[in-house]
Amino acid sequence: MNLSKTYEPGEYESDIYDLWEKSGAFTPKNRGSDKTYSIVMPPPNANANMHIGYEFTAVLEDIPVRYHRMKGEAALLLPGADHAGFETQAVYEKHLAKEGKSRFDFSREELYKDIWDFVALNRDNFEAQLRTMGASVDWSRFTFTLDKKIVDRAYKTFKKMWDEKLIYRGERLVNYCTFHRTGFADIEVEYSDAVSPLYYIKYGPFELATTRPETKFGDTAVAVHPDDKRYSKWVGKTVTVEGVNGPFDVMVIADEMVDMEFGTGVVKITPAHSFDDWEVAKRHNLPVVRVIEHDGTMNEKAGKYRGMTVMEARLAVAEAMKEKGLLIKVDENYHNRVGKCYKCGTVIEPMLMQQWFVDMQPLAKRAIAALQAKKINFYPDSKRTQLITYLEGLKDWNISRQIAWGIPIPAFQNVDDSDDWIFETNTDQEIIEKNGKTYHRDPDVFDTWFSSSSWPYATLNYPSEDFDKFYPLSLMETGGDILYPWVSRMIMLGLYVTDDIPFKEVYIHGYIRAEDGTKMSKSIGNTVDNGALLKEFGSDAVRMGIIAGRSPGESASFAPGKIQAARNFCNKLWNVARYIEDVIGDDFEARKTPEVLSIADHWMLTKLQQLTERVTSDLDNYRFSEAYDSLYHTVWDDFADWYLEASKATPNPGLLAYFLENLLKLAHPFAPFVTETIWQTLKWEGDSLLITSSWPEISLAADPKKARDFETIQTMVVECRTIIANIGLSKPILGYKGSEFLEMHAGLIMRLARLGSVEKGLEANGLRLTRAPFEAWIIVDANTAQKYLSKLEEKQSAEAVSVERLKGRLSNKAYVESAPEKLVAETRAQLEESEAKLHQITTEIDSFNL
RNA sequence: GGGUGAUUAGCUCAGUUGGCUAGAGCAUCUCGUUUACACCGAGAGGGUCGGGGGUUCGAGUCCCUCAUCACCCACCA
């Protein structure tokens, strides 16, 4: 019974979190329901601090988990952290660079250990932030993506695919960053617009256009279109080309990939350094000659250009060709798109490499079938069809990465036979002996998405009791940016390994953009200082302010006003509770037998019933913003502004307590800290916790007629207030003719409308109320009344418009015949009402003109 | 080149299957010390729902088209 006078969230939030944690409330447990509800959090990168976007994610997961926990279900929110492979190593390399070092100064083992320590430092930080946000996670199940169980699961999956021939090792062109010296999956390459010089060069008997003269040393053919008459006589012949390092021979081939319109319609073919050319080479059995090294320099095939970077060589070769008269012209204004490393911006080189690939088509096929059958619901649903489109075009997946920070690939190669690979999980060994042969471990690690694709079941220790209980997960909540790399792969691997979908629903959230609508980014410096935000407004306010007015899949700007509004809402809850505590004093017993007495009681009960239904169904459908909005307005407008004010005339402590209890419950998933704090001061159920209390079911019955009566009062009160405010009256008298209803509620009306008094039987001598079904006047002198005349006339014309509109609608035969009966009946009733009002207003105006 | 989403009040955004006079928060204006709350209360102003066409008794909502913005996919020698 002792809430402090002002709402200061900072003073109790961490204590409340401890209280929950120590009570074991975060451990999933059935309480009167045998259902389970499970969310495994997408693990945030262990290398970074939590930003506002991650807080947003945590809230979107915590709200439904708290809701289902209160419904008595065994609700699990499983937290984790992601080693994030290349991402983390790239961040660590930046640190090294500051110290003037490079990753190549260390062995892979040293590097791995150093990054491990680096990541450990940051992990505490982010766990603390999760607590600050009130995320009700089961810390005992915390999982790191390099935990043994995750590694084991990745190895088992790899083995299964190996055995079933879904994994193969092959020499392919892969996207390669010469700065980070690792290959990438297609999806990791970022393309951007560029202006590149387009060189028109002499090439044997042809002229052709190329942006990459330096790759000439790797040319093994020259191609034209099969239908191109200009060049058909050359097809199949070998031609001699004068090069900067002397003449060489290439074959002329015909291939559909050539665009006759582009340049001169002739293309030099460099199979080792162009994806298109690689495809052509496979079709025509062309030799493949690599001319660029992994460090991005030219190799011995480039002759005197050896050792130059690609860019240096390009300029040098162009210059040399110019001198030899082989360069015809340079188009300096050619626009194309260039693939870049998404971390360092280095131009991606297509590089010929031995890598492990996953054959995706069989996996994708099952996923597509499950998605088409809508076995997984998406919020918004459009993401489901987008995912299907993505899966349909999926190519084989390169899962090898030439970095240190990751899970070593469990494959060893025979030192005497490069085609002899064996599967072994003891990857802490570099060299092993088996059957009298020596094997070398593949030095590469898995693409981080390969292991994290198993996240839903690996975290649950598949196969296990937890797995049986919580799989498939109820919900996967994540951002749109990892729909393709992660969500798609979880579905494919889930189906492949467990034979079941990994989750029943997917909620995709949009991004929080900066206030001005631009992308939030550390480098631009327009991120939100969430520490300051939490300090100023409290976690509850941030939770609610951040979900307010957002819909799934849509990005929207950060709006500080919404955080502020949410903080004010917490303050409102706080003061409502303070008032009610004051009224009920120590009479805890009264709340057990709430009685519905006054018309306000019946009205508020109806509002609570509606709110409960709405919040429940909105949460069932992941409509967080709508649920919060309903809650906000019911608590503030209906409960605080109307009900509490009305109840001051005739306080009903038992029912006040009942309302407060249920409103706190409904608000708890959104504002867990303030609601639990209030709950704890009430101590209604001994040491009970709100977090594990039951979700409201309103069983008290409301009398709809009485509820409507209160609405009639509201209408009158609002009209009185409007008149009072508009003509600046102070505590006027409301007179009325004999009406039992008004007589009974005179006190209530007087209080709510701030009237001087409400008196019966006075002569009609003031401003007649036009909205209530009773004859009542605000008593004013004729002069004052005249001031209000224009206002009244405005009202008259508005009402006349309304009558006309309704009449028009009802005279429309088509409307009356085809609209639902109920709607037509409503329209009729409205017309009647409108006409009556118009009549009243008109009478009132006429009386002024006497 | 292909796809998706957005365009609603000064600002940031809601608006579930078409159905009463389109909503909220913030901001603005007027009034108010009514002991739960000035992080408040009461009242008010502000929108031809991006343009144009169509379907329907009825369109912010469905269809077509145009414009602008954002994102995604493919990838140009």
Side-chain angles (χ1 to χ4, degrees), chain A residues 3 5-7 186-187 191 198 208-212 223 257-259 262-263 266-270 274-277 334-339 380 382-383 385-386 389-390 393 480-481 483-484 510-511 513 515 517-519 537 541 545 548-551 553-583 617-618 621 623 625-626 629 632-633 640-641 644-645 648 717-718 721-726 728 730 751 753-754 798 801-802 805-806 809 812-820 822-824 826-827 829-830:
Chain A
L3 287 173
K5 181 156 162 51
T6 51
Y7 166 69
D186 296 341
I187 204 164
Y191 288 88
L198 183 62
L208 60 77
T210 178
T211 53
R212 305 202 60 181
M257 71 71 90
V258 180
D259 177 0
F262 188 93
V266 183
V267 188
K268 66 190 199 64
I269 300 298
T270 322
S274 153
F275 288 100
D276 280 340
D277 294 4
Y334 173 63
H335 291 257
N336 65 347
R337 286 174 68 77
V338 176
S382 58
K383 300 287 175 190
T385 38
Q386 273 178 38
T389 311
Y390 169 75
D481 52 335
L483 180 67
Y484 295 158
Y511 309 109
R513 293 191 306 241
E515 275 182 68
T518 56
K519 201 172 168 181
F537 296 107
R550 280 177 189 275
S551 35
E554 290 301 328
S555 296
S557 305
F558 175 70
K562 286 181 181 168
I563 310 279
Q564 190 188 322
R567 190 272 317 268
N568 295 353
F569 176 63
C570 294
N571 181 63
K572 183 54 81 171
L573 269 176
W574 186 266
N575 282 291
V576 161
R578 288 207 316 136
Y579 169 75
I580 294 175
E581 288 187 7
D582 227 31
V583 171
S617 104
D618 281 345
N621 293 294
R623 294 160 56 85
S625 172
E626 291 82 349
D629 194 60
Y632 180 98
H633 289 288
D641 289 346
L644 286 191
E645 291 310 318
K648 282 175 183 172
V717 166
V718 167
R721 284 171 176 172
T722 307
I723 292 170
I724 290 169
N726 275 322
S730 174
R751 165 181 276 277
R754 313 233 142 268
V801 168
S802 174
R805 202 189 54 244
L806 293 167
R809 192 176 301 165
N812 181 346
K813 220 174 141 197
Y815 172 73
V816 178
E817 278 166 13
S818 35
K822 201 179 144 201
L823 200 66
V824 178
E826 262 174 44
T827 310
Q830 279 164 11

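Below, read A as the first sequence line, B as the second, and so on, with proteins coming before strands; counting in each chain starts at 1.
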Visitor: Quote, to the nearest angstrom, the C1' distance that separates G23(B) from U16(B).
Guide: 15 Å
Visitor: Nearest whole angstrom, please: distance from the P of C40(B) to the CG of L644(A).
Guide: 15 Å
Visitor: Show me, range against range, the stems involving RNA chain B, built from at least 3 consecutive Watson-Crick or G-U pairs below 3.5 Å.
Guide: B:1-7 with B:67-73, B:10-13 with B:23-26, B:28-32 with B:40-44, B:50-54 with B:62-66
Visitor: Ignoring hydrogens and angles, answer whether the base of A14(B) and the side-chain atoms of K562(A) contain a donor-acceptor pair closer than 3.5 Å.
Guide: no
Visitor: How far apart are the C-alpha atoms of Y7(A) and F537(A), what are their side-chain angles, what is the distance that settles it, and do they pass the ring-ring contact (aromatic ring centres under 6.0 Å, His included) test?
Guide: CA-CA 10 Å; Y7(A) 166 69; F537(A) 296 107; over 10 Å; no
Visitor: Can you tell which of A77(B), A24(B), C13(B) lies closest to the side chain of R513(A)?
Guide: C13(B)
Visitor: Taking the P atom in each of A14(B) and A6(B), what is the distance between them to the nearest angstrom?
Guide: 9 Å
Visitor: Sticking with atom P, work out how far A27(B) lies from U17(B), rounded to a whole angstrom.
Guide: 32 Å
Visitor: Distance check: side-chain N/O of R809(A) vs OP1/OP2 of C57(B), anything under 4.0 Å?
Guide: no
Visitor: Among U16(B), A77(B), C37(B), find the nucleotide with the atom closest to the side chain of K572(A).
Guide: C37(B)
Visitor: Taking only N and O in the side chain of S382(A), is any of them less than 4.0 Å away from OP1 or OP2 of U4(B)?
Guide: no
Visitor: Is N336(A) near enough to C75(B) that one of its side-chain N or O atoms lies under 4.0 angstrom from OP1 or OP2?
Guide: no
Visitor: Looking at K383(A), does any N or O in its side chain come under 4.0 Å of the phosphate oxygens OP1/OP2 on G3(B)?
Guide: no
Visitor: From CZ of R805(A) over to P of A22(B), roughly how many Å is that when rounded to an integer?
Guide: 8 Å
Visitor: Using the P atom on both, measure G45(B) against U33(B) and round to a whole Å.
Guide: 24 Å
Visitor: Closest to the N568(A) side chain: A44(B), C40(B), C75(B)?
Guide: C40(B)
Visitor: Y484(A) side chain: which of A14(B), A36(B), C73(B) is closest?
Guide: C73(B)
Visitor: Between A77(B), U12(B), A24(B), which one does the side chain of H633(A) approach most closely?
Guide: A24(B)
Visitor: Under 4.0 Å from OP1 or OP2 of A24(B): is there any side-chain N or O of R550(A) that close?
Guide: no
Visitor: Establish, with yes or no, whether the OP1 or OP2 oxygen of C57(B) is under 4.0 angstrom from a side-chain nitrogen or oxygen of K813(A).
Guide: no
Visitor: Can a donor-acceptor pair under 3.5 Å be found between the side-chain atoms of E645(A) and the base atoms of A36(B)?
Guide: yes
Visitor: Hey, is the side chain of R567(A) poking within less than 4.0 Å of OP1 or OP2 on C39(B), counting only N and O atoms?
Guide: no
Visitor: If you measure from the C1' atom in C57(B) to the same atom in C62(B), how many Å do you get, rounded?
Guide: 16 Å
Visitor: For the side chain of L823(A), counting heavy atoms from C-beta on, which of G43(B), C76(B), G19(B) is nearest?
Guide: G19(B)
Visitor: N575(A) CG to U35(B) P: how many Å, rounded?
Guide: 14 Å
Visitor: Check the distance between U4(B)'s P and L483(A)'s CG and give it to me in whole angstrom.
Guide: 15 Å
Visitor: Taking all non-hydrogen atoms of both residues, which atom of G549(A) and which atom of S625(A) are closest, and how far apart?
Guide: N-OG, 2.8 Å
Visitor: Does either side chain, that of N812(A) or that of R809(A), offer a donor lying less than 3.5 Å from an acceptor on the other one?
Guide: no
Visitor: Between K822(A) and G19(B), is there a contact of a side-chain N or O with OP1 or OP2 at under 4.0 Å?
Guide: no
Visitor: Nearest to the side chain of A559(A), heavy atoms from C-beta on, is which of C57(B), U12(B), G15(B)?
Guide: U12(B)
Visitor: For D618(A) and for Y632(A), find the nucleotide of RNA chain B with the closest heavy atom, then tell me which residue's nucleotide is more 5'.
Guide: D618(A)
Visitor: Just to confirm, is there a sub-4.0 Å distance from OP1 or OP2 of C13(B) to any side-chain nitrogen or oxygen of S557(A)?
Guide: yes
Visitor: Parallel, tilted or perpendicular, judged at 30° and 60°: which one describes the rings of Y484(A) and Y390(A)?
Guide: parallel
Visitor: Using the P atoms only, state how far G47(B) lies from C66(B), rounded to an integer number of Å.
Guide: 31 Å
Visitor: Which whole-number value in Å describes the distance from D582(A) CG to U35(B) P?
Guide: 13 Å
Visitor: Can the positive tip of K648(A) be found less than 6.0 Å from the middle of the six-membered ring of Y579(A), inside 45° of the ring normal?
Guide: yes
Visitor: Sticking with atom P, work out how far G54(B) lies from A59(B), rounded to a whole angstrom.
Guide: 12 Å
Visitor: Counting heavy atoms from C-beta on, name the nucleotide in G19(B), U21(B), A36(B) closest to the side chain of P820(A).
Guide: G19(B)
Visitor: On RNA chain B, does the nearest nucleotide to A814(A) precede the nearest nucleotide to D276(A) from the 5' side, or the other way round? Give the residue.
Guide: A814(A)
Visitor: Specify the separation, in whole Å, of atom CD1 of I724(A) and atom P of A42(B).
Guide: 13 Å
Visitor: From the list U12(B), C39(B), U4(B), which nucleotide is the closest neighbour of the side chain of Q386(A)?
Guide: U4(B)
Visitor: For the side chain of R721(A), starting at C-beta, report the closest nucleotide among A77(B), A14(B), G43(B).
Guide: G43(B)
